[in-house]
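Every chain is numbered from 1 and lettered A, B, ... according to where its sequence line falls, protein lines coming before strand lines.
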Amino acid sequence: MRKARLGQMYLRLTAVYGPQQWWPAATSFEVIVGAYLTQNTSWKGVERSIQNLAAHGSLTIDGVRGLPDEELRQLIRPSGFMVRKAAALKAFVTLLDREYRGSLSQLAAEQPETARVKLLALPGVGPETADAILLYALGHPAMVVDEYLRRIVTRHRLLPAKATYSEIQALAIDALNESYPEGDRNAIVQHYNEFHALVVMVGKTHCGPTPKCDGCPLAEFLPISGPFLK
DNA sequence: ATCCAGGTGC
DNA sequence: GCACCTGGAT
């Protein structure tokens with residue numbers, strides 16, 4: 001079964017890489033800023049942008065709200081797409097102000113499905129960013145699907161190349177659900193958190209645009225052998 | 001010089 | 001399917 005295979009791959013990644021502890025000490029808002037800024041960009045640039053905002057005293061909801069567009073753009077410049085991302089961050093704060101009294105806690109208290117719909121309606125928020133915010137900032141059990149997970153499941157022939165975001169997400173949810181059926185809500189969130197972090201780890205190391213299967217902890221799970229895989 | 005990174009939108 | 005911005009790596 002495909003979900004069982006993916007579940008075993010998760011166990012293997014855990015054994016090899018160990019706990020990743022993503023976004024451990026950040027505020028929820030900082031996590032959200034990171035989720036926006038990291039889109040199609042290296043984390044290095046995001047760190048600089050975050051640092052710029054912090055140094056400017058603007059790494060808060062009030063800070064972003066009070067920042068002129070052009071100023072916000074310059075602060076987040078290192079993470080690219082500054083015009084788009086500045087507008088997107090502003091739009092997020094506006095949603096917070098208009099529907100959640102400017103409070104992340106209020107948004108976190110919203111039904112997860114409803115919050116997801118609201119987030120997806122925002123500019124600059126697609127399914128991955130929405131799920132990353134739900135999981136890492138709001139504490140909901142949202143499975144994050146990124147390009148690495150897409151490559152992993154398609155290259156391992158767990159799903160066809162044209163698999164959609166929701167199809168990949170469903171497979172990953174089934175895999176973890178089967179591996180950890182007894183988990184309570186908090187345990188599920190921890191597993192989703194760790195799963196995505198491990199996917200990024202193995203992805204960065206072995207599953208880029210050109211696969212590097214030598215030494216990959218998941219190589220033994222390949223259907224036949226590596227070289228033919230694109 | 002070219003590739004590409006924890007995608008999104010037209 | 002492709003443009004979008006920037007900075008580090010190949």
Side-chain angles (χ1 to χ4, degrees), chain A residues 9-10 13-14 17 19-26 28-53 69-92 95 116-138 140 142-155 161-169 172 189-212 214 216 218 230:
Chain A
M9 290 162 69
Y10 174 43
L13 291 175
T14 300
Y17 294 121
Q20 298 300 296
Q21 298 189 257
W22 261 23
W23 281 322
S28 292
F29 186 68
E30 179 177 336
V31 171
I32 289 168
V33 171
Y36 272 95
L37 297 184
T38 195
Q39 293 169 186
N40 198 46
T41 309
S42 69
W43 185 250
K44 184 68 176 167
V46 176
E47 286 182 319
R48 277 198 214 97
S49 297
I50 296 273
Q51 179 50 47
N52 287 344
L53 287 167
D69 282 2
E70 186 52 37
E71 207 165 338
L72 178 56
R73 289 174 185 169
Q74 294 311 316
L75 292 173
I76 67 173
R77 184 170 196 146
S79 40
F81 307 96
M82 60 176 181
V83 175
R84 234 184 256 184
K85 289 175 177 176
L89 288 171
K90 284 284 192 178
F92 175 82
L95 169 72
R116 191 173 195 271
V117 171
K118 300 277 192 182
L119 290 171
L120 286 174
L122 290 171
V125 179
E128 181 179 346
T129 303
D131 288 328
I133 290 173
L134 289 171
L135 177 64
Y136 290 104
L138 304 181
H140 295 309
M143 176 62 70
V144 179
V145 176
D146 65 0
E147 179 64 11
Y148 290 133
L149 182 56
R150 192 195 66 73
R151 289 188 189 125
I152 290 169
V153 301
T154 59
R155 286 171 175 171
K162 53 276 205 174
T164 65
Y165 184 98
S166 64
E167 288 168 345
I168 297 168
Q169 184 180 49
V189 169
Q190 294 311 313
H191 279 302
Y192 283 16
N193 181 327
E194 194 62 14
F195 178 78
H196 180 234
L198 288 167
V199 163
V200 171
M201 177 60 61
V202 72
K204 287 165 80 169
T205 311
H206 296 285
C207 222
T210 300
K212 295 188 278 283
D214 282 2
C216 179
L218 303 180
K230 182 174 60 60

Any side-chain heavy atom of [X] sitting closer than 4.5 Å to one from [Y]?
X         : Y         : value
Val33(A)  : Ile76(A)  : no
Pro123(A) : Arg84(A)  : no
Glu128(A) : Val145(A) : no
Lys212(A) : Thr205(A) : no

Just by modelled atom types, is the Thr38(A) backbone N or O under 3.5 Å from a matching donor or acceptor in the Ser79(A) side chain? no
Distance-only, no hydrogens or angles: does the Asn52(A) side chain make a donor-acceptor pair with backbone N or O of Leu75(A) under 3.5 Å? yes
Heavy atoms under 4.0 Å, any strand shown: does [X] hit a base, just sugar-phosphate, or nothing?
X         : answer
Leu149(A) : nothing
Gly124(A) : sugar-phosphate
Arg84(A)  : base
Val125(A) : sugar-phosphate
Gly126(A) : sugar-phosphate

[atom1] atom, [N] versus [M]: distance in rounded Å?
N       : M      : atom1 : value
dC4(B)  : dC2(C) : P     : 15 Å
dC3(B)  : dA3(C) : P     : 13 Å
dC10(B) : dT6(C) : C1'   : 22 Å
dT8(B)  : dG7(C) : P     : 22 Å

Pairing residues for His206(A) by the side-chain hydrogen bond (donor to acceptor under 3.5 Å, both in side chains) criterion, not counting sequence neighbours: none
Who are the side-chain hydrogen bond (donor to acceptor under 3.5 Å, both in side chains) partners of Glu71(A), not counting sequence neighbours? His56(A)
Side chain to side chain contact (heavy atoms under 4.5 Å, CB included) between Gln74(A) and Arg77(A): does it pass, once the steps are laid out? CA-CA 5 Å; Gln74(A) 294 311 316; Arg77(A) 184 170 196 146; 3.0 Å; yes
Reading DNA chain B from 5' to 3', where do the contacts with chain A start and stop? Cut-off is 4.0 Å to heavy atoms. dC4(B) to dG9(B)
Tightest non-hydrogen contact, residues Arg116(A) and Ala130(A), listed as CG-CB, 4.5 Å
Distance only, no hydrogens: is a donor on one side chain within 3.5 Å (strictly under) of an acceptor on the other, for Lys85(A) and Ser49(A)? no
Please compare Gly208(A) and Thr129(A) by the position of their nearest nucleotide in DNA chain B and report the one closer to 5'. Gly208(A)
Can you work out whether Thr38(A) or Leu120(A) has the more 5'-proximal nearest nucleotide on DNA chain B? Thr38(A)
Under 3.5 Å, which donor-acceptor pairs link side chains of residues 193-202 of chain A to any protein atom two or more places apart or in another chain?
residue	atom	partner	partner atom	Å
Glu194(A)	OE1	Gln20(A)	N	3.4
Glu194(A)	OE2	Gln20(A)	N	2.8
His196(A)	ND1	Tyr136(A)	OH	3.3
His196(A)	NE2	Asp146(A)	OD2	3.4

Whole-Å distance, Glu70(A) CD to dC5(C) P, equals 13 Å
Between dG7(C) (P) and Glu47(A) (CD): distance, integer Å: 15 Å
N/O contacts under 3.5 Å, protein versus nucleotides 8-10 of chain C?
residue	atom	partner	partner atom	Å
dG8(C)	OP1	Arg48(A)	NH2	2.1

Each base of DNA chain B marked ( ) or [ ] if paired in-strand (Watson-Crick or G-U under 3.5 Å), | if paired to another strand and . if unpaired gives |||||.||||
